[in-house]
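Comments concern the structure below.
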Amino acid sequence: MSVFSHPAFDNHEDVLFCHDRATGLKAIIAVHDTTLGPALGGTRMWPYANDGEALTDALRLSRGMTYKSALAGLDLGGGKSVIIGDPRREKSPALFRAFGDAVERLGGTYIAAEDVGTSVEDLEEARKSTRHIAGIGEGGAGDPSPATARGVFAGLRAAVRHRLGADDLRGIRVAIQGLGHVGMGLAGHLHAAGGSLVVADIFADNVAEAVERFGATAVDPATILFQDVDVVAPCALGAILNDQTIPRLKATVVAGAANNQLAEDCHGEALRARGVLYAPDYVINAGGIIFISHEGPRFDRDRAMAHVESIGETLTQIFVRSAREDVPTNRLADAMARERIVAARAARAPVALAG
Ligand code: NAD
């Protein structure tokens with residue numbers, strides 16, 4: 001397993017391999033870039049098939065966090081951590097305290113938060129060993145999903161305005177894939193704004209709830225992406241925009257919460273070639289981290305939500321520049337994130353060494 005020559009290494013500042021003999025903790029903390037501030041990113045616990053898979057996940061997710069925070073205008077860098085293990089069988093309070101020790105060793109350059117496979121309780125344990133934990137406790141912003149849903153709604157509205165020229169969502173048809181924490185919240189916002197919903201989830205209860213509360217039409221999960229709608233909102237899995245699915249899309253806008261929606265970067269170009277406006281995932285789904293970035297003793301929920309709404313303006317800038325510069329939206333977003341980081345580096349005064 002290579003690290004420095006790993007395809008996703010991309011100039012990471014730190015990659016910490018953590019092991020604790022007593023608890024069996026095996027974790028990787030990846031700190032991609034701290035130019036804009038400490039690297040905030042979730043802690044994922046997953047039964048990776050091997051160490052290489054865990055490293056790849058940590059490196060890719062960590063770089064994604066750098067770009068997400070940069071484009072959200074936050075003074076935060078990008079990082080992510082993964083704990084190798086089955087969250088249903090291998091958790092213990094001591095394991096998370098040992099993980100907290102590892103976070104502490106990075107001296108605040110990495111701040112951990114909840115992610116797939118970890119809970120508020122787990123992070124409360126980790127916090128017994130380190131202060132560098134976000135999203136929990138007093139002054140904590142709590143569950144970020146409602147803010148994520150609100151941000152996706154703001155982004156979807158901006159995309160509809162740009163592609164369809166519609167200032168409101170009345171009569172706009174949206175297909176939502178996945179009715180979990182974010183998808184159900186998004187469905188509520190769209191319904192309240194007069195949108196018409198087609199939905200799918202692998203859990204019948206979720207589907208029944210959306211049908212009852214929002215008058216949604218339920219379809220087979222295998223067909224949700226190919227519905228005759230204006231917008232597809234992926235709110236479940238990654239890599240769903242690929243060589244097989246893109247040619248079958250009927251919607252002209254893709255705007256949803258799921259992470260890593262494009263199977264590969266080149267699929268951004270494939271969407272553009274088909275006339276589909278793609279809202280880059282890490283831009284439209286940044287509501288949660290924007291919300292968390294406001295936490296502290298003077299946490300102001302309304303101010304935080306207003307900041308979340310600015311995702312709409314950021315996306316509009318991306319859409320306009322993408323059209324003007326003839327570049328797919330995903331590549332443009334990456335370029336804009338890098339521009340902000342490079343400018344911040346350049347603005348730093350050179351350090352004079354005392355001699
Ligand atoms: P969740 O687990 O609560 O919901 C996902 C839903 O998708 C579940 O109801 C699940 O049954 C459904 N699903 C799974 N496979 C499906 C399929 N093949 N077809 C249809 N439905 C399917 O997760 P969430 O917190 O709502 O997050 C949704 C997506 O948004 C994830 O990709 C997540 O990484 C991303 N995201 C979430 C947040 C957040 O604040 N929760 C922030 C940023 C990004």
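Numbering of ligands and ligand atoms starts at 1, following listing order.
None of Arg301, His307, Arg150 except one satisfies the side chain to side chain contact (heavy atoms under 4.5 Å, CB included) rule with Phe291; the exception is Arg301.
Residue Asp243 holds its CG atom at 6.5 Å from SG of Cys266, rounded to the nearest 0.5 Å.
The side chain to side chain contact (heavy atoms under 4.5 Å, CB included) search around His12 returns Phe9, Val15, Ala30, His32, Leu59, Ser62, not counting sequence neighbours. With sequence neighbours excluded, the residues that form a side chain to side chain contact (heavy atoms under 4.5 Å, CB included) with Arg97 are Pro93, Ala94, Glu125, Lys128, Ser129.
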Can you list, pair by pair, the side-chain donor-acceptor contacts under 3.5 Å of residues 172-186, counting residues two or more places apart and other chains?
from: Arg173; atom 1: NE; to: Asp230; atom 2: OD2; distance (Å): 3.3
from: Arg173; atom 1: NH1; to: Asp228; atom 2: O; distance (Å): 3.2
from: Arg173; atom 1: NH2; to: Asp230; atom 2: OD1; distance (Å): 3.1

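In this structure the side chain of Ile289 never reaches within 4.5 angstrom of the side chain of Tyr282, judged on heavy atoms.
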Show me the short polar-atom pairs for ligand 1: any N or O of it lying under 3.5 Å from a protein N or O, with distances only.
from: ligand 1; atom 1: 3 (O); to: His181; atom 2: N; distance (Å): 3.0
from: ligand 1; atom 1: 3 (O); to: His181; atom 2: ND1; distance (Å): 2.7
from: ligand 1; atom 1: 9 (O); to: Asp201; atom 2: OD1; distance (Å): 3.4
from: ligand 1; atom 1: 9 (O); to: Asp201; atom 2: OD2; distance (Å): 2.7
from: ligand 1; atom 1: 9 (O); to: Asn206; atom 2: ND2; distance (Å): 3.1
from: ligand 1; atom 1: 11 (O); to: Asp201; atom 2: OD1; distance (Å): 2.7
from: ligand 1; atom 1: 26 (O); to: His181; atom 2: N; distance (Å): 3.1
from: ligand 1; atom 1: 26 (O); to: Val182; atom 2: N; distance (Å): 2.8
from: ligand 1; atom 1: 30 (O); to: Ala257; atom 2: O; distance (Å): 3.3
from: ligand 1; atom 1: 32 (O); to: Ala236; atom 2: O; distance (Å): 3.0
from: ligand 1; atom 1: 32 (O); to: Asn259; atom 2: N; distance (Å): 3.4
from: ligand 1; atom 1: 34 (O); to: Asn259; atom 2: ND2; distance (Å): 3.0
from: ligand 1; atom 1: 40 (O); to: Thr148; atom 2: OG1; distance (Å): 2.7
from: ligand 1; atom 1: 41 (N); to: Ser145; atom 2: OG; distance (Å): 3.2

